[in-house]
Enquirer: 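Here you go, one structure.
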Amino acid sequence: MTILPREFFAQPTLTVAQNLLGQHLVRAVEGQHLRGRIVETEAYLGPEDTACHASKGRTPRTEVMFGPPGRTYVYLIYGLHYMLNLVTEVESFPAAVLIRAIEPLAGLDLMRQHRQRQPSQTMPLRQIGNGPGKLCQALRIDKSLNGWDVTTGQTLWLEAVEPLPKMAIASGPRLGIDYAQAADRAAPWRFWQRDNPFISK
DNA sequence: CAGACGATTGCCT
DNA sequence: GGCAATCGTCTGT
C-alpha cells in the first residue's frame, strides 16, 4: 500500500485530474476506514480559468489553493453541501481538482448511515457517492478538513492504484459553471471512468 | 451592513 | 423538467 505523495499533486492539473481516476480515497472515522475509488473529477486551472474560484483573486476562502499541493480545499456550497478538492501544481499557483464521484469499496454501512435521511430504507450502492456533495456526506467531510495535508496517511489520504488506461477515460465540459466565460464553460476538463455506473449526472 | 449568489441535491409535478 | 433549501463569502454602500 502506497500513499500518494506530494509529487503526485505537484503536476499539471489536467494530468492530476486524470491520474486520480481509479485511486482510492480513504477516510478514517470512528475507528473505521471508509474507502472509495475515484471515478469522476474536474480540473480547475488557476487564475486564467474563470470557472476557478481563485480567478477572483486571493481571499480567505481561496487561500489554500495558493498554498502547497497535496492539501484539501473544502468549501460549502448553497449553504448545504461540501465540496472536496485537492490542491495541485506548484505553491502560489492556485489550482485544484474537484472529486465528483466515488465507487464505495469499504465501510459501506457507515457511509450509508452518513447519507441516510429516512433510516427506514437502505440506500442503493450507486447513490452513496455519485456526486460531489454526496461523497462528502458519505465520508463525513466538512469545513474542518479544509487545508488538510492528504500525504500524512492520517484522517484523510489517497492510496495508489495503477492509473487507468487512456482508453478507459472519458472527458467533457464541467458542470454547474454558467457564471464562467464561454471558452471555460466549453473546455473538456471533466473526466470520468468510461462506463462506470457510479459517476454523477 | 444589506444583498446577491453559488463547482448541488432531492423532492415535486 | 422545475424549484426550494440554506448560509458562508464576497461586493458595494
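This structure is a prediction, so every number in the text was calculated from the model and none was measured. Convention: sequence-line order gives letters A, B, ...; per-chain numbering from 1.
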Enquirer: Would you mind listing every salt bridge (charged side-chain N to carboxylate O under 4.0 Å, His left out) that reaches into residues 183-200 of chain A, with sequence neighbours excluded?
Expert: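 Sorted pair list: A/Glu40-A/Arg190.
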
Enquirer: Would you compute the distance between atom CD1 of A/Ile3 and atom NE2 of A/His24 and round it to the nearest 0.5 angstrom?
Expert: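 Between atom CD1 of A/Ile3 and atom NE2 of A/His24 there are 14.0 Å.
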
Enquirer: Listed in order of residue number, which residues of residues 87-109 of chain A have a non-hydrogen atom at under 4.0 Å from DNA chain B?
Expert: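 Within this stretch, A/Leu98, A/Arg100 sit under 4.0 Å of the strand.
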
Enquirer: What's the spacing between A/Leu25 CG and A/Leu105 CG if we round to 0.5 Å?
Expert: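 Going from the CG atom of A/Leu25 to the CG atom of A/Leu105 covers 10.0 Å.
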
Enquirer: Does a side-chain N or O from A/Lys143 land closer than 4.0 Å to OP1 or OP2 of C/dT9, or not?
Expert: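 Indeed, a polar side-chain atom of A/Lys143 lies that close.
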
Enquirer: Considering only heavy atoms, which members of residues 186-199 of chain A lie under 4.0 Å from some atom of DNA chain B?
Expert: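 Residues of residues 186-199 of chain A that come under 4.0 Å of DNA chain B do not exist, since none gets that close.
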
Enquirer: Can you name the closest pair of heavy atoms from A/Cys136 and A/Leu84 and give their distance?
Expert: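 For A/Cys136 and A/Leu84, the tightest heavy-atom pair comes out as SG-N, 3.6 Å.
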
Enquirer: Just to be sure I understand the geometry, which residues of residues 176-185 of chain A put a non-hydrogen atom under 4.0 Å away from DNA chain B?
Expert: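 Contacting residues: A/Gly176, A/Ile177, A/Tyr179.
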
Enquirer: When the C1' atoms of B/dC5 and C/dC3 are compared, how many Å lie between them, rounded to an integer?
Expert: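 My reading of the C1' atoms in C/dC3 and B/dC5 gives 16 Å.
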
Enquirer: If I take atom OH in residue A/Tyr73 and atom C1' in nucleotide B/dG6, what distance separates them, rounded to the nearest angstrom?
Expert: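 My rounded result for the distance is 11 Å.
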
Enquirer: Quick one: list whatever passes side chain to side chain donor-acceptor pair (under 3.5 Å) with A/Ser144, sequence neighbours left out.
Expert: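 Counting only residues at least two positions away or on another chain, A/Ser144 forms a side chain to side chain donor-acceptor pair (under 3.5 Å) with A/Asp142.
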
Enquirer: Does any non-hydrogen side-chain atom of A/Leu20 lie less than 4.5 Å from one of A/Leu4?
Expert: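 A/Leu4 reaches A/Leu20 side chain to side chain.
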
Enquirer: Mind checking the CG-OH spacing from A/Leu145 to A/Tyr82? Nearest 0.5 Å is all I need.
Expert: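 With rounding to 0.5 Å, CG (A/Leu145) is 10.5 Å from OH (A/Tyr82).
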
Enquirer: So A/Arg61, base contact, sugar-phosphate only, or nothing? Heavy-atom distance under 4.0 Å.
Expert: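 The residue A/Arg61 makes sugar-phosphate contact but no base contact.
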
Enquirer: Quick one: stems involving DNA chain B, counted as three or more successive Watson-Crick or G-U pairs, both distances short of 3.5 Å.
Expert: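 Counting only runs of 3 or more consecutive pairs, the stems involving DNA chain B are B:1-6 with C:7-12, B:8-12 with C:1-5.
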
Enquirer: Pick the nucleotide of DNA chain B nearest each of A/Met123 and A/Leu84; which residue has the one closer to the 5' end?
Expert: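 Upstream on the strand: A/Leu84.
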
Enquirer: Do side-chain atoms of A/Thr50 reach the backbone of A/Gln181 as a donor and acceptor pair under 3.5 angstrom?
Expert: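 Pair found, side chain donor or acceptor close to backbone of A/Gln181.
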
Enquirer: If you take any heavy atom closer than 4.0 Å to DNA chain B, which residues from residues 125-139 of chain A end up in contact?
Expert: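 Within residues 125-139 of chain A, the residues near DNA chain B are A/Gly131, A/Pro132, A/Gly133, A/Lys134.
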
Enquirer: Taking salt bridge (charged side-chain N to carboxylate O under 4.0 Å, His left out) as the cut-off, I'd like each qualifying pair that reaches into residues 21-32 of chain A, sequence neighbours left out, listed once.
Expert: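 For residues 21-32 of chain A: A/Glu30-A/Arg140.
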
Enquirer: Is the aromatic ring centre of A/Tyr75 closer than 5.5 Å to the centre of the six-membered base ring of C/dG8, with the two planes inclined by less than 30°?
Expert: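 The base of C/dG8 is not stacked with A/Tyr75 (the test needs centres under 5.5 Å and planes under 30°).
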
Enquirer: Name all residues meeting the side chain to side chain donor-acceptor pair (under 3.5 Å) criterion together with A/Arg37; count only those two or more places apart in sequence or in a different chain, and write none if there are none.
Expert: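 Listed in chain order: A/Glu103, A/Gln193.
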
Enquirer: Starting from C1' on C/dG8, measure out to CG on A/Asp142 and report it in whole angstrom.
Expert: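 Going from A/Asp142 (CG) to C/dG8 (C1'), I get 14 Å.
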
Enquirer: Look only at the side chain of A/Arg100 and the backbone of A/Trp192, and say whether a donor-acceptor pair between them is shorter than 3.5 Å.
Expert: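 No, because the side chain of A/Arg100 does not come within donor-acceptor range (under 3.5 Å) of the backbone of A/Trp192.
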
Enquirer: Got a donor-acceptor contact below 3.5 angstrom from the A/Tyr179 side chain to the A/Ala51 backbone?
Expert: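 Side chain of A/Tyr179 to backbone of A/Ala51, a donor-acceptor pair under 3.5 Å: yes, one is there.
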
Enquirer: Can you name the atoms? Protein N/O to nucleotides 1-6 of chain C N/O, anything below 3.5 Å, with the distance.
Expert:
| residue | atom | partner | partner atom | Å |
| --- | --- | --- | --- | --- |
| C/dT6 | O2 | A/Tyr78 | O | 2.1 |

Enquirer: Is there a path from A/Leu86 to A/Phe93 through hydrophobic residues (I, L, V, M, F, W, Y) whose side chains come within less than 4.5 Å of each other?
Expert: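 No; A/Phe93 is not reachable from A/Leu86 via cluster members.
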
Enquirer: Has A/Gln23 got a side-chain atom pairing as donor or acceptor with A/Asn19's backbone, closer than 3.5 angstrom?
Expert: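 It does hold such a pair.
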
Enquirer: Could you pull out all residues at least two apart from A/Arg35 that satisfy salt bridge (Lys or Arg N to Asp or Glu O under 4.0 Å)?
Expert: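 Residues passing salt bridge (Lys or Arg N to Asp or Glu O under 4.0 Å) with A/Arg35: A/Glu159.
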
Enquirer: Would you kindly give the CG-to-P distance between A/Asn146 and B/dA7, to the nearest whole Å?
Expert: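 Spelled out: CG on A/Asn146 to P on B/dA7 is 15 Å.
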
Enquirer: Taking A/Phe8's backbone N and O only, do any of them form a donor-acceptor pair with A/Gln11's side chain (distance below 3.5 Å, no angle check)?
Expert: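 Yes; at least one donor-acceptor contact below 3.5 Å.
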
Enquirer: Quickly work out the A/Gln116 CD to B/dT9 P distance and round it to whole Å.
Expert: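 It is 16 Å, rounded to the nearest whole Å.
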
Enquirer: Expressed as a whole number of angstroms, how long is the span from A/Tyr82:OH to C/dT9:C1'?
Expert: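 In whole Å, C/dT9 C1' lies 13 Å from A/Tyr82 OH.
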
Enquirer: Can you check the A/Met83 CE to B/dT8 C1' distance for me, whole Å?
Expert: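 Atom-to-atom, A/Met83 to B/dT8, this comes out as 6 Å.
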
Enquirer: Report yes or no: does A/Asn146 contribute a side-chain atom to a donor-acceptor pair with the main-chain N or O of A/Val74 at less than 3.5 Å?
Expert: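 Flag set: sc A/Asn146 to bb A/Val74 pair under 3.5 Å.
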
Enquirer: Taking atom P in both B/dA4 and C/dA4, what distance in whole Å separates the two?
Expert: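 Approximately 16 Å lies between the P atom of B/dA4 and that of C/dA4.
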
Enquirer: Is the backbone N or O of A/Gly57 less than 3.5 Å from a side-chain atom of A/Thr62, with the two atoms forming a donor-acceptor pair by type?
Expert: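 Side chain of A/Thr62 to backbone of A/Gly57: a pair is present.
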
Enquirer: Return each pair, listed once, that meets salt bridge (charged side-chain N to carboxylate O under 4.0 Å, His left out) where at least one residue sits in residues 146-157 of chain A; pairs must be two or more places apart or across chains.
Expert: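 Checked against salt bridge (charged side-chain N to carboxylate O under 4.0 Å, His left out) - neighbours excluded - the pairs reaching residues 146-157 of chain A are A/Arg6-A/Asp149.
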
